[in-house]
Novice: 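My questions will all concern the structure given below.
Just so it is clear: chains get the letters A, B, ... in the order the sequence lines come, proteins before strands, and each one is counted from 1.
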Amino acid sequence: MTESTARDYRSTLNLPKTGFAMKANLAQAEPQTLKAWKERGQFESIMAARDGAEPFVFHDGPPYANGNIHVGHMLNKVLKDLVVRSRILEGKRVHYVPGWDCHGLPIEHKVMTEIVKGGKAEKLETLAPDVRRMAIRRECAAYAEKFIKLQGEEMQRLLTLADYAHPYATMQPAYEAATLEVFAGMVEQGVVYRDLKPVHWSIANRTALAEAELEYEERQDLSVYVDFELEDREAAERAFGCEIDQTPCLMIWTTTPWTLPANLAIACHPRYRYALVEHDGALSIVAAELWPKVAATIKAEKVRMLAECDGAALVGLGYRHPFCARSGRVVAAEYVTLEDGTGLVHTAPGHGAEDYRTGLKEGLPTYCPVRDDGTYDDTVPEWLRGLSVWDANAKVTEHLRDSGHLVFDHAFTHSYPHDWRSKTPVIFRATEQWFIGVDRPVKRDGRTLRQLALDAVEHRVRFVPDWGRNRMRGMLENRPDWCISRQRSWGLPIPAFLQPDGSAFMTAASIRAVAAVFAQKGSDAWFQLSAQELLAGYDASKDADAPAGLDLTTLTKGSDIFDVWFEAGSSWHSVLRTRGIGFPSELYLEGSDQHRGWFQLSLLPALAVTGEPPFRTLLTHGFMVDKDGLKMSKSLGNALDVAALLKDYGADVARWWVSSVPYDGDIKIDLEYFRLAGESYRKVRNTIRFLLSNLEGFVPGARVPVEPASIDGWALAELATLQSTVRAAYAAYDFRAAHVAIFDFCNETLSAIYCAATKDRLYCDARDAARRRRTQQVMHDAVTVLCQLLVPILPHTADEAWSALHGGAPGSSVMATTHLDLGQVARHGAWDAAFAVRERALKALESAKASGIENPLDAGVSVGRGIDAEVPGALDALASVHADLADLCGVSRVTLGGDGGVSITDLRNEPRCDRSWRRDGTVRQRSDGGMLSDRDAAAVGVA
RNA sequence: GCGCCGGUAGCUCAGUUGGCUAGAGCACACCCCUGAUAAGGGUGAGGUCGAAGGUUCGAUUCCUUUCCGGCGCACCA
């Protein structure tokens, strides 16, 4: 029995064999899979297979149709796909429609930049407004179309499953019409109104500008320190708690003297200290901390600080406007800082964003005496009327100097916004805008949108993670009215008309009439048809809301468009209801920035129009940061390219990584993580490959019975547990838990334990031995279940394995199946004891290596009564699973009995089976001359 | 500046209502197998749980402060 005489039985073994390759080659294979899916009409056939099934309504938030997709899109789209696919496997019908946000400034700005670069801007200016807008819109539409196509392909390359043949786009006529229907509903509910709001205004182009159209340049302005005299000296005495012999003044600082005619209030910080100071005989109030700086700036010589008080004490004091016949009062504002100025802020609600908010809060009018050409109207003192605001700076300053209100003036250089096209400085000017009022009662039930939204967030919407509720509640409590109008070309027109007296005409019925036109011709119709043509379907006599004396022939079209968020925020109607998919949606899933964005701006219209929140669950994910926790950005150079990732690792590995990530909070992303994900993917792949390679020749038919006391029974019970764990994890959107459970099952339960333990029987038992068939049955079940549990994460690999499992049959897809019903799987109680033995045996084997027993098959394990001290009742329990105990420990045999605990016996002196390499006590020379164990002799068919 | 979230082994993460020697995977070290082989298996070494206070018999877990990072909001009169 030396090595030279050992016979080679290799050819008699059932060695693993499969066409399922070890190397996945995803970058090459996935595009082909994708092509095959498309040719087969995978999405359509899955929808057909789920025809009549219970729907799971899930709705895609539209990304902006601009640029290539980035890792943030990848995360978002893959997470969504995990939901789509896992619900389909549960038998649900998921009609998931991908969408794009098309309108808006980023595209218009990009297109305008091209036009300016191409030298076509001047020509554009010569066109009539509608013609010019159409020219811009055509370019924008083409741009959006291009990126919808590009991004759609990139998203499909991620192997996401959706109705890509029929996406929604906010610029589609049907979508636009549906958006107007939502708007009509809101008008009907009485929450839409028109009011003044300050915006960046280009005097040169007489148009409002968005932040992105501003260029900040250095500019020299006149900065002035101005005294506003208090109305009531006694009130000042009370505030400072001392006697004052002359009426003090509030000293403000501004770099825009031209806004002083619109001054309605002076803001102070309620918690700062303010000082009453005497300077060269005058008495002023400024922030205590700033006084030394101010005193130096205004070159005051004789200064004296008389008293101090908190800003809160000043609030409510009245003052006289230095040159307008009215008074103002002191208000509190948290935004007041001590960096510049005097700590008292000149407030003109018609000329500043923060001033405007303060004005709203304090009930001040949004007063703006400046007309669209930058000149004052007739509400200002006569000496200013008709004057340009730029000329007014000097004039106002002179006037203040003459009246003794000017404390100091000097030239001041600062960064100031300019119109990017005309390069002229812009001003803040209040203009008429459309708003959705969150504190106006909704006609249907009398509560306001804010109340409805807070109630929905509190009681009617589930948040994943839960803290999203707090966050959204906070935002809803504080949000101002929603300004929905923009003064741009690339967007959905607000279908308002102007009457000859300048008032707006727009009713629910008139909006619906325009919507019908848009449904046919798209919103371009607004620029191509006359007001009368647009309202052809409108009958004022049937419209109870029509204003008295309405004459349609005198109407002209308004020129505002919607805030793009209104369009996206209408998708619950424009897509879900219009397409009959279902309402409300079970789930909206976006980045946590959408608490303020899409979530909130979908919630408000839906509540106004239907009284229902458009979603039952809001799931948010965090943002990608680099491995040091810093934000991804092109300028930092730490951004990863999706196309490169797919080329290097493939979509399945990328998805495997996404599924492993705890998505609330920041998500660290780095190339290294993809390499690691690739390795753990390979582990799962190889495990499946091993299972498949041992199923060759196994014909699934009548189920082979699986005894709970066998290792196969144990594995089947583990499989059943895995299945329910992973399904529950998917149901709870806990993809990471699903990922970890699947990985641990493949790595530990299967690869380290079950596959290792069953190798011997798979290779050495007779091909059709009952024991081998039983193991194959469980392995077949395992591949089936794993494919189904994995397909949401690894759609390509799962289908590849599925095809291998079914004899390479092309055209079959796991996605067409529902989870295998494993039935009631009994769990035998003896396995806990068996694994306790295994753990001790492995440790003992490790130390036995020192005494020369290096191969576990050269060892036996004996388990005595001693084990009961550590694991009560173990020895008796082990008797029932004795048959598979040696395989479980990887040794040649296990003997039970005696007094010891778990110990290793050296079997190197016993004969070794030439075929199975085991020393199980039955090995002897057989009729063919080989040394074989009983089992192997029978398998080979020798006596 | 304000609101929300996170900071546990080299890395990615678990740690239920405060309580047995703080867990897992990867990576690492050593070893085995060579009939899953550009595979597989075993054993082991890694942590003052961001920092500082406090409550408690006891705190990674509760409270306060602080530092670092992210998202959102606001701001530069």
Novice: Please list, pair by pair, any protein nitrogen or oxygen found under 3.5 Å from a nitrogen or oxygen in nucleotides 1-9 of chain B.
Specialist:
none

Novice: For a quick check under 3.5 Å, do A/T12 and A/R915 share a side-chain donor-acceptor pair by atom type?
Specialist: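 Present: a donor and an acceptor within the cut-off.
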
Novice: Pick one for B/G46: is it syn, with its angle within 90° of 0, or anti?
Specialist: syn

Novice: Of A/V438, A/L604, A/N478, which meets side-chain contact (heavy atoms from CB on, under 4.5 Å) against A/R450?
Specialist: A/V438

Novice: List the residues meeting salt bridge (charged side-chain N to carboxylate O under 4.0 Å, His left out) with A/D593, not counting sequence neighbours, and say none if there are none.
Specialist: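 By the salt bridge (charged side-chain N to carboxylate O under 4.0 Å, His left out) rule, A/D593 matches no residue at all.
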
Novice: Taking atom types as modelled and ignoring hydrogens, do the side chains of A/W917 and A/N855 form a donor-acceptor contact shorter than 3.5 angstrom?
Specialist: no

Novice: So, do A/F743 and B/A24 meet the stacking rule of ring centres under 5.5 Å and planes under 30°?
Specialist: no

Novice: Tabulated below should be each protein N or O lying under 3.5 Å from an N or O of nucleotides 40-42 of chain B; please produce it.
Specialist:
from  : atom 1 : to     : atom 2 : distance (Å)
B/G40 : OP1    : A/K683 : NZ     : 3.3
B/G40 : O3'    : A/S751 : OG     : 3.0
B/G41 : OP1    : A/K683 : NZ     : 3.4
B/G41 : OP1    : A/S751 : OG     : 2.6
B/G41 : OP1    : A/A752 : N      : 3.4
B/G41 : OP2    : A/K683 : NZ     : 2.8
B/G42 : O2'    : A/E846 : OE1    : 2.8
B/G42 : N2     : A/E846 : OE2    : 3.3

Novice: Any salt bridge (charged side-chain N to carboxylate O under 4.0 Å, His left out) pairs touching residues 406-415 of chain A, not counting sequence neighbours?
Specialist: A/R401-A/D409

Novice: Could I get the full list of side-chain contact (heavy atoms from CB on, under 4.5 Å) partners for A/A29, not counting sequence neighbours?
Specialist: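 A/A29: side-chain contact (heavy atoms from CB on, under 4.5 Å) contacts with A/H796.
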
Novice: Checking contacts here: which listed nucleotide (B/C71, B/A36, B/U12) is nearest the side-chain heavy atoms of A/D593?
Specialist: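 Minimum distance to the A/D593 side chain belongs to B/C71.
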
Novice: I want to check a possible cation-pi pair here: A/R685 against A/F20, using under 6.0 Å from ring centre and within 45° of the ring axis as the test.
Specialist: yes

Novice: Could you tell me which residues satisfy salt bridge (charged side-chain N to carboxylate O under 4.0 Å, His left out) with A/E870, sequence neighbours excluded, listed by chain and number?
Specialist: A/R840

Novice: Which residues, if any, of residues 595-604 of chain A bring a heavy atom under 4.0 Å of RNA chain B?
Specialist: A/R596

Novice: Tell me, please, which residues at least two apart from A/D858 pass salt bridge (charged side-chain N to carboxylate O under 4.0 Å, His left out).
Specialist: A/R919

Novice: Taking salt bridge (charged side-chain N to carboxylate O under 4.0 Å, His left out) as the definition, give me every residue that meets it alongside A/D8, ordered by chain and number, with sequence neighbours left out.
Specialist: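 Salt bridge (charged side-chain N to carboxylate O under 4.0 Å, His left out) check on A/D8 returns nothing, list empty.
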
Novice: Considering every strand and a 4.0 Å limit on heavy-atom distances, what is the contact class for A/S693: base, sugar-phosphate, or nothing?
Specialist: nothing

Novice: Dot-bracket notation for RNA chain B is requested: 5' to 3', Watson-Crick or G-U wobble pairs only, both distances under 3.5 Å, with ( ), [ ], | and . as defined.
Specialist: (((((((..((((.....[...)))).(((((.......))))).....(((((..]....))))))))))))....

Novice: Classify A/R479 by what it touches in the nucleic acid, base, sugar-phosphate, or nothing, heavy-atom distance under 4.0 Å.
Specialist: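 The answer is nothing, as A/R479 stays clear of every strand by at least 4.0 Å.
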
Novice: Could you work out, with ring pair (Phe, Tyr, Trp, His ring centres under 6.0 Å) as the rule, every residue matching A/Y763, not counting sequence neighbours?
Specialist: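 For A/Y763, no residue satisfies ring pair (Phe, Tyr, Trp, His ring centres under 6.0 Å) once neighbours in sequence are set aside.
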
Novice: Among residues 672-680 of chain A, which contact RNA chain B at a heavy-atom distance under 4.0 Å?
Specialist: A/Y673, A/L676, A/E679

